[in-house]
Number of protein chains: 2
Amino acid sequence: MASILSISEIAFLIGDPARTNMLFCLQNSDMASAADLTRAAGVAPSTASEHLAKLTQAGLVSVSKMGRHRYFSLGSPQVAELLEGIDALAGKLAPDGPPEMRHDQAALHARTCGDHLAGHIGVAITQSLLASGHIRQRGKTLNLSHSGRMLFQELDVPLSPLNQSPRRFMSLCHDWSEDAFHLGGGLGGAFLETCLIRDWMRRPKGRAYVDITPKGRSILRKNFGIEAGTTIPD
Amino acid sequence: MASILSISEIAFLIGDPARTNMLFCLQNSDMASAADLTRAAGVAPSTASEHLAKLTQAGLVSVSKMGRHRYFSLGSPQVAELLEGIDALAGKLAPDGPPEMRHDQAALHARTCGDHLAGHIGVAITQSLLASGHIRQRGKTLNLSHSGRMLFQELDVPLSPLNQSPRRFMSLCHDWSEDAFHLGGGLGGAFLETCLIRDWMRRPKGRAYVDITPKGRSILRKNFGIEAGTTIPD
DNA sequence: GCCATATTTCGGTTCTAGCCGAAATATAAT
DNA sequence: ATTATATTTCGGCTAGAACCGAAATATGGC
């Protein structure tokens with residue numbers, strides 16, 4: 001027996017775009033730092049901190065302090081279930097409503113999940129890497145093959161710092177928008193960072209997705225065989 | 001694949017106390033008029049109308065026009081499922097948090113569901129009526145026995161107008177806060193109305209529950225064997 | 001100890017959603 | 001036709017939430 005107030009409070013917490021982004025990011029990749037979620041939400045760190053405080057206080061997410069990081073995850077399996085339920089309902093109720101397609105299509109096309117690429121592009125890149133053998137999946141472990149190492153070096157993605165980091169080198173996050181997997185972990189983050197530095201992609205101020213520049217489109221085409229959607233015209 | 005925006009929009013709609021009241025009222029009793037839901041939400045009719053417009057536009061509730069009434073119900077079974085999910089989660093996350101107990105305990109003790117009594121008191125009255133044989137349940141049909149008719153006449157509840165109304169004379173609504181049943185339908189509404197007129201109960205301006213007066217406590221004790229909680233001291 | 005990184009707290013601004021009351025509309029009852 | 005009831009639209013008010021930037025705190029690495 002739950003009170004109306006506590007019920008609406010929960011829904012209220014989920015019902016803010018920034019927090020929704022955080023929660024769904026957590027549903028994919030367990031263990032995200034505050035900084036990851038800040039990026040996912042597309043707000044200032046201070047704002048994200050406020051959101052996370054509210055979410056943790058309500059018990060929707062739980063936090064474990066590790067070093068100077070705070071890693072968040074969903075508070076309980078029931079939270080994940082609830083998110084799934086809302087997602088399912090949203091899919092039924094808003095069957096590709098045209099009004100929000102413009103803005104949101106771009107978001108889904110190359111959205112970001114924490115500090116790495118997700119959405120259509122994120123999944124396509126990952127599939128390309130797997131298909132070409134640059135990444136090999138054996139059971140639960142992932143390996144970057146020699147050819148893959150070459151590829152990332154060629155793209156100027158710095159790999160050496162990643163070996164010293166406590167973070168997992170690679171991981172596959174389930175992508176809720178594509179129902180497939182995208183590349184996460186340190187490598188996923190480093191790759192996106194390189195994309196931004198080299199102006200292959202641009203993150204609109206505080207958004208949870210990136211726009212792909214013409215330069216980026218040619219990179220994606222050449223290295224991954226991907227025809228990226230046009231967001232910034234040539 | 002639902003967009004973050006449409007997801008947070010749904011949660012946002014649920015996340016307002018007035019709308020939450022409406023939705024959970026609809027989960028109990030299908031077919032509630034706008035006026036019923038206005039009462040349930042505890043806001044002005046104009047405000048309720050705005051809420052209902054938003055809910056229908058989003059597809060969370062559906063509406064069927066019958067005469068000069070508009071009857072609402074939940075938009076789909078999935079909406080009901082979602083509400084259940086939130087309710088369940090709220091029960092786990094807010095295990096009797098003391099901060100909101102004061103205000104809310106009163107609300108749950110004698111809350112109203114549309115135009116009839118619900119909550120602890122509503123359920124207790126209904127159980128008393130069933131136990132004493134004033135109401136008989138045979139399969140899906142409900143009958144008011146002769147003794148029951150006498151009882152309500154004694155309490156000055158006007159029964160004759162109810163026979164002319166198109167509304168169902170009696171119904172049992174599932175009470176989400178007590179996990180039991182309370183009396184709805186025309187009789188449920190008429191009884192509450194009598195309680196308010198005779199000052200056995202008072203509805204705080206625009207709230208979705210009633211306070212029980214000392215006079216009302218004695219009525220409940222005498223007729224139903226119920227010890228109502230004290231909200232208004234003698 | 002000292003610097004860099006991660007995160008929170010604080011102060012102040014802006015914007016939106018909820019609220020009401022009054023008036024308008026629609027439909028039923030007389 | 002007129003009156004009563006049910007519901008919506010409109011205008012204006014107010015409170016609260018989200019947001020940011022700057023400064024404060026905590027922690028790890030050196």
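Just so you know, these numbers use all the heavy atoms, side chains as well, and skip hydrogens, waters and symmetry mates. In the text below, chain A, chain B and the rest are named by the order of the sequence lines, each starting its count at 1.
Considering only heavy atoms from C-beta on, A:C25 comes within 4.5 Å of A:L37 through its side chain. In this structure the side chain of B:V123 never reaches within 4.5 angstrom of the side chain of B:L117, judged on heavy atoms. Using a 4.5 Å cut-off on side-chain heavy atoms (C-beta onward), B:D36 and B:F72 make no contact.
Closest of all the heavy-atom pairs between B:A90 and A:I7 is CB-CG1, 3.8 Å.
OP1 and OP2 of D:dA17 both lie 4.0 Å or more from every side-chain N or O belonging to A:H51. An OP1 or OP2 oxygen of D:dA18 is reached within less than 4.0 angstrom by a side-chain nitrogen or oxygen of A:R19. Note on B:K54: every side-chain N or O is 4.0 Å or more away from OP1 and OP2 of C:dA17.
The side chain to side chain contact (heavy atoms under 4.5 Å, CB included) test applied to B:T38 returns B:P45, B:A48, not counting sequence neighbours.
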Taking distance alone, no hydrogens or angles, what donor-acceptor pairs closer than 3.5 Å link side-chain atoms of residues 190-201 of chain B to residues at least two apart or in another chain?
residue: B:T194; atom: OG1; partner: B:A190; partner atom: O; Å: 3.0
residue: B:R198; atom: NH2; partner: B:D156; partner atom: OD2; Å: 2.9
residue: B:D199; atom: OD1; partner: B:R202; partner atom: NE; Å: 2.8
residue: B:D199; atom: OD2; partner: B:R202; partner atom: NH2; Å: 3.2

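The side chain of A:A44 lies closest to D:dC20 when the candidates are C:dG18, C:dC20, D:dC20.
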Note to self: Protein within reach of the bases, or only the backbone? For nucleotides 4-13 of chain D, mark each nucleotide 5' to 3' as B, S or -, using heavy atoms under 4.0 Å.
What the structure shows: BBSSBBB---
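In this structure, the CD1 atom of A:I14 is 18 Å from the C1' atom of D:dA18, given to the nearest Å.
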